[in-house]
Amino acid sequence: MALYSDKVMDHFMNPRNVGCIENADGIGEIGNAKCGDIMKIYLKIENDIIVDAKFETFGCGSAIASSSMATELIMGKPVSQALELTNKAVVEALDGLPAHKVHCSVLAEEAIKNALKDYFDKNGIPYDAEQFKETDHEALHDHVHGE
């Protein structure tokens, strides 16, 4: 059995939405010092709809595939739906990730949420801070890798 699904390999070898958006409406960045993955997500939002999403990711194939899939999943969606994106939805859309790589999907979820929080902050839009709680990525990495 292959370690990575065909979808993971496709999004790693042919990532969608790579790059940055000049004058982005929201920018979210997150990283995990333990594994070295860093993700930056850029959003363009018009009339409460995500009309463009791009990413720059420095990391492993799973991190790149998770970023690529996450941007695909939120494009064309209302901000409220993008806020509901979970790492589980990213993993399912990729037809699974190895257990020790699931933290990459968590990074993608949180990078998008950070970009949405940035958008809310820039535009004075109120939000519930509970929606933007971050995971302790180093502890998650240690737990998954038995460290």
Side-chain angles (χ1 to χ4, degrees), residues 1-22 24-120 125 127-146:
M1 186 172 111
L3 186 60
Y4 296 103
S5 72
D6 289 343
K7 280 191 184 175
V8 171
M9 292 305 296
D10 182 38
H11 277 267
F12 167 61
M13 299 298 286
N14 307 293
R16 282 61 150 186
N17 312 311
V18 175
C20 70
I21 297 173
E22 293 296 320
D25 296 307
I27 300 171
E29 187 170 4
I30 193 135
N32 181 338
K34 278 275 188 184
C35 68
D37 293 334
I38 300 169
M39 292 182 185
K40 196 167 191 178
I41 302 276
Y42 302 85
L43 301 177
K44 193 72 177 163
I45 301 169
E46 294 175 7
N47 300 316
D48 202 45
I49 303 292
I50 297 172
V51 295
D52 197 7
K54 299 234 182 278
F55 76 91
E56 295 176 317
T57 294
F58 179 84
C60 67
S62 295
I64 292 166
S66 293
S67 301
S68 175
M69 181 58 81
T71 56
E72 287 284 285
L73 291 172
I74 64 168
M75 246 176 342
K77 300 277 188 334
V79 167
S80 60
Q81 281 185 20
L83 263 177
E84 294 172 4
L85 179 73
T86 64
N87 77 293
K88 288 184 175 109
V90 173
V91 171
E92 286 173 14
L94 288 170
D95 292 337
L97 283 172
H100 66 284
K101 292 295 183 178
V102 169
H103 69 274
C104 296
S105 64
V106 175
L107 287 171
E109 172 190 337
E110 290 184 357
I112 286 172
K113 286 187 175 167
N114 287 348
L116 290 168
K117 183 179 181 298
D118 182 49
Y119 167 71
F120 292 155
I125 300 168
Y127 56 84
D128 179 1
E130 287 293 309
Q131 288 180 294
F132 300 101
K133 280 188 161 183
E134 283 191 13
T135 303
D136 180 346
H137 292 280
E138 289 190 32
L140 177 62
H141 180 273
D142 290 350
H143 173 75
V144 168
H145 293 278

Task: Distance-only side-chain donor-acceptor flag, Asn17 / Glu72, under 3.5 Å - done: yes

Task: Residues that Glu130 engages under salt bridge (charged side-chain N to carboxylate O under 4.0 Å, His left out), provided they are two or more places apart - done: Lys133

Task: Value rounded to 0.5 Å, distance of CD1 in Ile27 from NZ in Lys54 - done: 14.0 Å

- [ ] Drop me the distance from Gln81's CD to Leu73's CG, to the nearest 0.5 angstrom.
- [x] 11.0 Å

TODO: Could you pull out the closest heavy-atom pair between Ala111 and Met39, with the gap in Å?
DONE: CB-CB, 4.2 Å

TODO: Return the set of residues passing side-chain contact (heavy atoms from CB on, under 4.5 Å) with Ala82 (not counting sequence neighbours), or none when no residue passes.
DONE: Ile50, Ile74, Leu116

Task: Asp95 side-chain N/O to Lys7 backbone N/O, donor-acceptor pair under 3.5 Å - done: no

- [ ] Start with the C-alpha gap between Glu29 and Ile38, add the side-chain angles, then the distance that decides, and say whether side chain to side chain contact (heavy atoms under 4.5 Å, CB included) holds.
- [x] CA-CA 7 Å; Glu29 187 170 4; Ile38 300 169; 3.6 Å; yes

TODO: Measure from the side-chain N and O atoms of Asp48 to the backbone N and O of Pro78, and report whether any donor-acceptor pair falls under 3.5 Å.
DONE: no

Open item on the list: I'd like to know if the side chain of Asp37 and the backbone of Thr57 have a donor-acceptor N/O pair within less than 3.5 Å.
Closed with: no

Open item on the list: Quick one, Glu22 with Tyr42, criterion side-chain hydrogen bond (donor to acceptor under 3.5 Å, both in side chains). Give me CA distance, side-chain angles, the key distance, then yes/no.
Closed with: CA-CA 9 Å; Glu22 293 296 320; Tyr42 302 85; over 6 Å; no

Task: Side chains of Leu107 and Ile30 in contact at under 4.5 Å (non-hydrogen atoms) - done: yes

Open item on the list: Keeping Ser68 on the side-chain end and Arg16 on the backbone end, is there a donor-acceptor pair under 3.5 Å?
Closed with: yes

TODO: Report the distance from atom CD1 of Ile45 to atom NZ of Lys77, rounding to the nearest 0.5 Å.
DONE: 14.5 Å

TODO: For atom CZ of Phe58, decide whether the heavy atoms of other residues, nucleotides or ligands shown that lie under 6.0 angstrom number more than 12.
DONE: no

- [ ] Please round to the nearest 0.5 Å and tell me the distance separating atom CD of Glu84 and atom CD of Glu109.
- [x] 11.5 Å

Open item on the list: So for atom CG, which belongs to Asp128, do other residues, nucleotides or ligands contribute more than 12 heavy atoms lying within a distance under 6.0 Å?
Closed with: yes

Open item on the list: More than 12 heavy atoms of other residues, nucleotides or ligands under 6.0 Å from CG of Asn14: yes or no?
Closed with: yes

TODO: Indicate the atoms forming the closest heavy-atom contact of Ser105 with Val91, along with that distance.
DONE: OG-CG2, 3.3 Å

TODO: Report yes or no: does Ser5 contribute a side-chain atom to a donor-acceptor pair with the main-chain N or O of Leu94 at less than 3.5 Å?
DONE: yes

